[in-house]
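Just so you know, ligand 1 is whichever comes first in the structure, and atom 1 is the first atom listed for that ligand.
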Amino acid sequence: MEKCKWKLYPLVVGEAVVGQVLDVFWSLTRDKSQVDVPIMAWLLMPLDQGEPILVDTGFRDAERCQHVHGLGPHRTKPEWSLEQQLANHGLTPKDIKTVILTHLHYDHAGGCTQFSNAKFIIQRSELKAAAAPVVSPHLDFGGGALFYDRKDIAEIVDPLWSQVELLEGDEEIAPGVQCVLFSNTHTPGSQAVYVNTEVGTAVILGDIARKVDLNINQGIPPGLFYDLEATYRAMNKIKKEANVILPSHDYELVKKYENGL
Ligand SMILES: [Zn+2]
């Protein structure tokens, strides 16, 4: 049987000023410049049958990004709210029955309580790492939790707990949509989302890689990872299996796919 096909839309739900150093393996880069990056979610619309799926939810509050996580400026505007971004596609948060979280960092898993009808698909290893992160109390950025926001995680374990579905590895979420675990890459339980589209398999990366050419094609790891070998293996596997690769913080993708892919 033909697999179900989906159309993907990038949603810009915020903006951050970050160091270019995040794109490249620390010791290999001399680039200390800052760059504006989008904070993105993805909307998956079924072309055959099924219901829309949201991948990631952005950050909860621009102020917290700076004052709790100790990062540079983060911006929001009314037209970037998830509510408005979904309204552009004729949807409200209540219409979303499935939210896949690639990982639980503050810029991917914020504000989940607005989705009262959704189940939240998360890798168990990611929730464990987020609830009890390995981190030094002396680190002066990352909110004392290495970029997991305690407020987001508190909401996930309660009051959203009955809506949470924990995965133990790779799993099909709907026909043509699969979560694939890449342990100890960007985070302990980061998952990519493989989506069957008109142009083949599109892979939504979360932050497993930040730049397709640099990290995937040239094989230079991104700046933030847990296990270097696991990260190399992930880059190779994604390169082989994906027809289209979609990282989370790239304005070029937003432009290229503004009408969906
Ligand atoms: Zn991110």
Inset, instruction - Flag H108 as yes if one of its N/O/S atoms falls below 2.8 Å of the Zn ion (ligand 1), otherwise no. - result: yes

Inset, instruction - Output yes if H249 passes the N/O/S-under-2.8 Å test against the Zn ion (ligand 1); output no otherwise. - result: yes

Inset, instruction - Compare every heavy atom of C179 with every heavy atom of L167, then report the nearest pair and how far apart it is. - result: CD1-CB, 3.7 Å

Return yes if some donor-acceptor pair links the side-chain N/O of [X] with the main-chain N/O of [Y] below 3.5 Å, else return no.
X: D107; Y: I39; answer: no
X: Q163; Y: F115; answer: yes
X: D95; Y: T92; answer: yes

Inset, instruction - Measure from the Zn ion (ligand 1) to every N/O/S atom of D107 and report the name of the nearest one. - result: OD2

Legend entry - Atom of D207 closest to the Zn ion (ligand 1), considering N, O or S atoms: OD2

